[in-house]
Amino acid sequence: MAAFAEGTPCWVDASLPDVEAGKRFYGELFGWTFSSGSREYGGYTQAYSQGRNVAALAPKPDGRMPTVWGIYLATADAYACAARIRAHGGQMVMDPQPVGPYGTAALAADPGGAVFGLWQPGTHDGFEVHGEPFTYCWAELYTRARDAVDVFYANVFGYVPEDQDDDGSGVEYRLWSPPGSPPGAETAVLGRSLITDAFPEIMPAHFLAYFAVPDCDRSVETVRRLGGRVTAEPFDTPYGRIAVVADNQGAVFALLSENPGRPPAQPPA
């Protein structure tokens, strides 16, 4: 597989209180199979779609940590990227550290408080497949610090921005493409939206991971049956049909059907 461009989402994992329960939930929802979990790496459990590496489930080492899907952005040099993050107003939550032969990982927070991962590949490049049914297909940053984060990500990753036309929601939406790419939906790897007054006041800045599914409504029914909840009912956009859901342990993610891999519109509150 070709290397992911700098700043491109290349991996996702869910931090969960109960990995076995997560395996049952995502195994039925997405048809994933799982590794037995690595004792050396704290029970980190790889997830596979048709035998291909697509995500991971990780046990939370501390119950105070959030139950969340994490997004990892590719970098050729995690140490240099961490230095840029600090220089441009971000913070390192976890400094770069080697993960055996697989690569180097780090966790950072942008000036708005949204946490994201860094991944410098070794033997593990990241997704073996994405954009296909039951795999990762898109990610968005939700923030209240628009100006600060726009400058931050431009300086750290060199993103090329393109602002989208207002879709009637009154909320602006920006696409980010890798450095050297023409701007626009065909090259975009991330979306940036805003946390407005329509959202709960306590909602923190965050990244939202999308997974492609053949039938959004059917997958939402499965989420409910498995004990999850729906935070945004299925709705149509020019890019497909979308819902925002949480698993039965509280990790929030989005479902996208009909046109996976293309940037979706702003979900409703």
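Along the sequence shown, residues are numbered consecutively beginning with 1.
- A single hydrophobic cluster is seen to contain both Phe253 and Leu73, as judged by linkage of ILVMFWY side chains at heavy-atom distances under 4.5 Å, directly or through other members.
- In this structure, the side chains of Leu190 and Glu140 stay at 4.5 Å or more apart for every pair of heavy atoms.
- A perpendicular orientation is assigned to the rings of Trp69 and Tyr26, their planes being inclined by more than 60° (bins at 30° and 60°).
- A search for salt bridge (Lys or Arg N to Asp or Glu O under 4.0 Å) contacts involving Arg52 returns Glu132, not counting sequence neighbours.
- Both Val99 and Val19 sit in one connected hydrophobic cluster of ILVMFWY residues. Membership requires side-chain heavy atoms under 4.5 Å apart, directly or through other members.
- Between the CG atom in Leu57 and the CG atom in Asp13 there is a gap of 8.5 Å [rounded to 0.5 Å].
- Val160 approaches Pro178 most closely through the heavy-atom pair CG2-O, 3.6 Å.
- Between Leu175 and Trp138 the shortest heavy-atom distance is CD2-CZ2, 3.9 Å.
- Every residue was checked against the salt bridge (Lys or Arg N to Asp or Glu O under 4.0 Å) condition with Asp18, not counting sequence neighbours, and none meets it.
- For the residue pair Thr75 / Glu6, a side-chain donor-acceptor distance below 3.5 Å is found, with atom types taken as modelled.
- In this structure, Ser35 contributes its side chain and Gln46 its backbone to a donor-acceptor pair below 3.5 Å.
- Every residue two or more places apart in sequence or in another chain that forms a salt bridge (Lys or Arg N to Asp or Glu O under 4.0 Å) with Glu20 is listed here: Lys23.
- The backbone N or O of Leu16 sits nowhere less than 3.5 Å from a side-chain atom of Lys60 that would complete a donor-acceptor pair.
- By the 4.5 Å heavy-atom criterion applied to side chains, Val252 and Leu208 are counted as neighbours.
- Taking Asp95 as the reference, Arg86, Met92 meet the side chain to side chain contact (heavy atoms under 4.5 Å, CB included) condition, with sequence neighbours excluded.
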**OP:** Show the numbers, then the answer: is there a side-chain contact (heavy atoms from CB on, under 4.5 Å) between Cys216 and Leu256?
**Re:** CA-CA 6 Å; Cys216 184; Leu256 172 62; over 6 Å; no
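- Note on Val245 and Val68: separate hydrophobic clusters, where clusters join Ile, Leu, Val, Met, Phe, Trp and Tyr whose side-chain heavy atoms are under 4.5 Å apart, directly or indirectly.
- Taken together through direct or relayed side-chain contacts under 4.5 Å among Ile, Leu, Val, Met, Phe, Trp and Tyr, Val151 and Ile85 form parts of separate hydrophobic clusters.
- For Ser219, the side chain to side chain contact (heavy atoms under 4.5 Å, CB included) partners at least two apart in sequence or on another chain are Leu29, Val213, Leu255.
- Tyr48 and Trp32 have their aromatic ring centers separated by at least 6.0 angstrom.
- A 4.5 Å side-chain heavy-atom check between Pro234 and Arg241 finds at least one atom pair inside the cut-off.
- Rounded to the nearest 0.5 angstrom, Arg225 CZ and Asn248 CG are separated by 12.0 Å.
- In terms of heavy-atom proximity, Glu128 sits nearest to Gly51 at OE1-O, 4.1 Å.
- Inter-residue side-chain proximity for Asp150 and Pro161 is flagged as unmet; no heavy-atom pair is nearer than 4.5 Å.
- Each of Tyr142, Phe116, Phe199 was checked for a ring pair (Phe, Tyr, Trp, His ring centres under 6.0 Å) with His206, and the lone residue meeting it is Tyr142.
- Summarising the geometry of Ile71 relative to Pro9, their closest heavy-atom pair is CG2-CB, 4.1 Å, with the distance given to 0.1 Å.
- For Tyr159, the ring pair (Phe, Tyr, Trp, His ring centres under 6.0 Å) partners two or more places apart in sequence, or in a different chain, are Phe157, Trp176.
- Between Glu28 and Leu226, the closest side-chain pair of non-hydrogen atoms falls below 4.5 Å.
- Note that the CG atom of Asp163 and the CZ atom of Arg174 stand 4.0 Å from one another [nearest 0.5 Å].
- Between the OG atom in Ser257 and the CD1 atom in Ile242 there is a gap of 8.5 Å [rounded to 0.5 Å].
- Under a 4.0 Å N-O distance rule, the pair Arg224/Glu233 qualifies as a salt bridge.
- Considering only residues two or more places apart in sequence or on other chains, Ser15 meets the side chain to side chain donor-acceptor pair (under 3.5 Å) condition with none of them.
- Looking at every heavy atom in both residues, Ala114 comes nearest to Leu141 through CB-CD1, 3.4 Å.
- Residues passing the side chain to side chain donor-acceptor pair (under 3.5 Å) test with His124, sequence neighbours excluded: Asn53.
- Screening residues 103-123 for side chain to side chain donor-acceptor pair (under 3.5 Å), with sequence neighbours left out, gives Asp110-Tyr153.
- Using a 4.5 Å cut-off between side-chain heavy atoms of Ile, Leu, Val, Met, Phe, Trp and Tyr, with links allowed through other members, Phe134 and Phe25 fall into the same hydrophobic cluster.
- Residues satisfying the side chain to side chain donor-acceptor pair (under 3.5 Å) test with Thr187, not counting sequence neighbours, are Ser177.
- Trp11 and Gly126 make their closest contact through CE3-C, 3.6 Å (heavy atoms, listed as atom of the first residue, atom of the second, distance).
- Under the rule for a side chain to side chain donor-acceptor pair (under 3.5 Å), Glu221 has no partner lying at least two apart in sequence or in another chain.
- Here the side chain of Thr135 pairs no donor or acceptor atom with the backbone of Val54 at under 3.5 angstrom.
- Aromatic pair Phe152/His88: centroids not less than 6.0 angstrom apart.
- By the salt bridge (Lys or Arg N to Asp or Glu O under 4.0 Å) test, Arg146 is found to be paired with Glu172, residues two or more places apart in sequence or in another chain being considered.
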Subject >> Asp247/Val223 under side-chain contact (heavy atoms from CB on, under 4.5 Å): CA gap, chis, key distance, verdict >> reply: CA-CA 7 Å; Asp247 67 22; Val223 167; over 6 Å; no
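- Between Tyr210 and Tyr136, a ring centre-to-centre spacing not shorter than 6.0 Å is recorded.
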Original post:
Between Arg218 and Val220, is a side-chain contact (heavy atoms from CB on, under 4.5 Å) present by the stated rule, with each step listed?
Top reply: CA-CA 5 Å; Arg218 179 172 294 181; Val220 165; over 6 Å; no
**OP:** Please assess His130 against Phe211 for the test side-chain contact (heavy atoms from CB on, under 4.5 Å), listing each intermediate value before the final yes or no.
**Re:** CA-CA 9 Å; His130 58 92; Phe211 295 92; over 6 Å; no
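- Distance alone, capped at 3.5 Å, places no donor-acceptor pair between the Thr8 side chain and the Cys10 backbone.
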